[in-house]
Amino acid sequence: MAEGARELVRYENVDGVGVITIDNPPVNALSPGVPEGIVAAVERGNADPAIRAMVMIGAGRTFIAGADIRQFGTNRPPPIEGRRPHQILDRSEKPVVAAIHGYALGGGFELALASNYRVALASAKVGLPEVLIGILPGSGGTQRLPRLVGPKAAMEIIVSGRHVSAEEAHRLGIIDELVPEGADLRAAAIAFARRIADHRPLPRLRERDDKLAEAKADPGMFEAMRRSIARRARGQKAPYHCIQSVENACALPFDEGVRRERELFDELENSDEARALRYAFFAEREVARLPDIPRDIPLRPIKNAAIVGAGTMGGGIAMSFAEFGFPVRLLEVSQEALDRGLARIRANYETRVRRGSLSEAEMNRRLALIQPVTSYADIKDCDVVIEAVFERIPVKEEVFKKLDEVMKPGALLYTNTSGIDIDIMANATRRPQDVAGTHFFAPANVMKLFEVVKGTKSAPDTLATAMDLGRKIGKISAMAGNGDGFVANRSRTPFGTEMNIMIEEGALPEQIDKIMVDFGYPIGPFATADLSGLDIGYDSRQRRAAQDPNYRKMPIADMVVEMGRLGQKTGAGWFKYEPGDRTPHPDPELARLIKQKALELGIPQREFSDDEILRRLLFASVNEACRILDEGKAYRSSDIDVMWLNGFNFPRYRGGLMYWADTIGGLAEVYRQIQAWHQQYGARWAPSPYLRRLAETGTSFRDAKPSRPM
Ligand code: 3H9
């Protein structure tokens, strides 16, 4: 065994069982040295007459999380065909048992599939998530899994990239034996290996083809799968390559299927889509790093939480807690409002039960975790409270005064405001250090972004605990500086402004929506606005216009609302809707009224190219994001990408707003265009000095250093 490999992969003889331990923290990724170590260990076990069987297990918190993603896209040497671990496992004359805890993902799961048996702790998870980083399983996974569970189930697992629980995997026949939680997995796997040591022939998935007959009986399954993903996989190659490879598994001899799988893998590894998805993967990990707060800062314990306000947001937040098993008290001083809020939560769950995405038992478990209360005294012992009341300053101040009076010392006081200065709430208390923003995105129980907002006096542990809390309720936490709109909404606002202005200048909602859907958004921005309700934007525009004499009004957007077209809920907004159907239909009558209004206002009308629409929307936001970075309101541009991916459904395979801007021909081009629009449209397009600096020095957002600390 090579010197380096000895450390990463250990081998020992435990009374005739060769135990191979992969030890490459934190997740035992298959970094250089690990595959070689596994090959050497399996060969050693085979060569040693004292060994009857082998166990492959991971040290630390997990089995193997897959290939080392950092190695992709680098100039690494290609693997030596015939010497790859799964090929050596295929030829092993002695049985190998994979012992799985934590995660067996990607190349890790493929090694388990190439082993002869698999045992797993009940809490373990397996899966082939390669598609989520724009590639396909490249170590035989697309050939072995269909032979184990049939092509249809395999395709579903590979194309979704989802984690499969050990219990489900056991049911599917992927796991041979479940080891109860708390038991010693290593000991159980060694005992299992002893039991099967003399069984021959060795079960090898490469030699099985009984399950593949399913494809002969239903040859249309591959086309059906392609059709079923057409919408969500728009613009991407990896999901289709996954399907192709499973189809190959059913049509070609095993070795030929593996060879073709490798070709498809090589084709994808350096694709734009794979690069962007890898970037997004690491951006979502980087976002957790807070440069100004020590990583090991002690967090405040959170055992019970309270939400103040049982409106749509408050209810959605309570559901997020319940989903992850946290008991939560939902406070609303009016019994009637509380009942309404609870009814809304129940109705939401019941719809999901009807659709089959939630079991009745799970619904009841979650409902039991949400405890309705009507008095502040009922929440005073909670460790954390999230305020989600009406977005009016006096109302918020009142709530924070009350919380300050009743909450136990050290309780965390968070606000879900989407735009009110956090310091206003903090200063309403005598403990501003315990106050911060935790901004959820609607619908709060669905959207993953959890924007943590740093008030002037927020204590480091108040912020670090908020970041951790977000992760615990399944969100992606991202830190933002305090200021109008914080980071996510502030960077998105110019996009909203431009889409309205382009309508005034002659574009139509259906035209803009089509371009953004073609770009990769699941739905267009006007259809999204219809879904949220147009009255919210209308109210905030009126408020702003009253406060700021220079505020640019949106006469056409206002006209739509004043006609009573509030979006889906009134059957019409920017689009028309049939009763009970959410499909947006273009409305020629509205198009006529928009034109008429634009003429009345004397706005010259013109045609827009697709490219101009796309750039107008996104460059406006890039420019604002640069101002945010320049003011030190965000740590790094990749945090803004994480916000757009998880708060606004920006197409993930394009990496994020800032990554996209970096990849379309350099920031000099972005700057040139913004300058041109500045000449044409005036102040709102004034280029950010930060963008100018990067453009002039040929620096990308990815390589840029922050202007100042947050
Ligand atoms: C593959 O296997 C291809 C093969 O088919 C064929 C090849 C020929 N590589 O997420 P966490 C780091 S493709 C490198 O915070 P968690 C991560 O960056 C791969 N690094 O923990 C972080 O570092 P840091 C298929 C990795 O407990 C640290 O580990 N597999 C990798 O919340 C902790 O990660 C996947 O796509 C990796 N593969 O979640 C699985 N994985 O501390 C990707 C993690 O410096 N991984 N790191 O920020 C995951 O989904 C999650 O990390 C996992 C743990 C669920 C495992």
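In listed order, ligands and their atoms are each counted from 1.
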Step by step, would you call N649 with F441 a side-chain contact (heavy atoms from CB on, under 4.5 Å)? CA-CA 11 Å; N649 283 324; F441 288 71; over 6 Å; no

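Listed by atom number, the atoms of ligand 1 under 4.0 Å from R262 heavy atoms are 8 (C). Close approach to G106 involves these atoms of ligand 1, each under 4.0 Å from a residue heavy atom: 2 (O), 25 (C). Proximity to G66 (heavy-atom distance under 4.0 Å) selects the following atoms of ligand 1: 2 (O). If you number the atoms of ligand 1 from 1 as listed, the ones under 4.0 Å from a heavy atom of R61 come out as 16 (P), 21 (O), 27 (O), 33 (C). Taking a cut-off of under 4.0 Å to the non-hydrogen atoms of D68, the atoms of ligand 1 that pass are 9 (N), 14 (C). Residue contact check: E110 has heavy atoms under 4.0 Å from atoms 4 (C), 5 (O), 6 (C) of ligand 1. Of all atoms in ligand 1, listed by their number and element, those nearer than 4.0 Å to a heavy atom of P26 are 28 (C), 29 (O). Taking every heavy atom of P129 and a limit of under 4.0 angstrom, the matching atoms of ligand 1 come to 30 (N), 35 (C), 36 (O).
Polar contact with ligand 1: absent for S139 (N/O pair, distance under 3.5 Å). An N or O contact shorter than 3.5 Å links A67 to ligand 1 by distance. Annotation: G107 places an N or O atom under 3.5 Å from an N or O atom of ligand 1; distance criterion only.
The shortest side-chain heavy-atom distance between D639 and M479 does not fall under the 4.5 Å cut-off. Looking at V19 and M54, their side chains never come closer than 4.5 Å, going by heavy atoms from C-beta outward. Residues N116 and R204 meet the side-chain proximity criterion, which asks for heavy atoms closer than 4.5 Å.
Here R636 pairs with E286 in a salt bridge; the nearest charged N to carboxylate O distance falls below 4.0 Å. The pair R206-D90 counts as a salt bridge, with a side-chain nitrogen and a carboxylate oxygen less than 4.0 angstrom apart. Ion pairing between a basic and an acidic side chain is recognised when a charged N comes within 4.0 Å of a carboxylate O; R76 and D68 show no such pairing.
The shortest contact between atom 47 (N) of ligand 1 and any protein heavy atom is with V27 CG2, 3.7 Å. Of the protein's heavy atoms, Y103 CE1, 4.6 Å lies nearest to atom 39 (O) of ligand 1. Here the heavy atom of the protein found nearest to atom 5 (O) of ligand 1 is E130 OE2, 2.5 Å. Among protein heavy atoms, atom 9 (N) of ligand 1 sits closest to I69 N, 2.9 Å. The single protein non-hydrogen atom nearest to atom 23 (O) of ligand 1 is R70 NH2, 4.2 Å, given as residue, atom name and distance. Among protein heavy atoms, atom 49 (C) of ligand 1 sits closest to F281 CE1, 3.9 Å.
In this structure, P137 counts as a contact residue of ligand 1, since one of its heavy atoms falls inside 4.0 Å of the ligand.
When all heavy atoms of E323 and R365 are compared, the closest pair comes out as O-NH2, 3.6 Å. The shortest heavy-atom contact between F486 and E451 is CB-OE2, 3.5 Å.
Protein heavy atoms are found less than 4.0 angstrom from atom 30 (N) of ligand 1.
Scanning E286, R295, R285, E261 for the heavy atom closest to atom 42 (O) of ligand 1 points to R295. Between the choices R84, R471, E269, R289, the shortest heavy-atom distance to atom 45 (O) of ligand 1 belongs to R289.
The side-chain tip of R275 does not point at the ring of Y279 from less than 6.0 angstrom away and within 45° of straight on.
With a 4.0 Å cut-off on non-hydrogen atoms, A65 touches ligand 1 through its backbone as well as its side chain.
No close placement of the Y103 and F63 rings is indicated, their centers lying 6.0 Å or farther apart.
Between the side chain of S92 and the backbone N or O of K94, at least one donor-acceptor pair lies under 3.5 Å.
Exactly one residue among R262, K237, H241 makes a side-chain hydrogen bond (donor to acceptor under 3.5 Å, both in side chains) with E267. That residue is H241.
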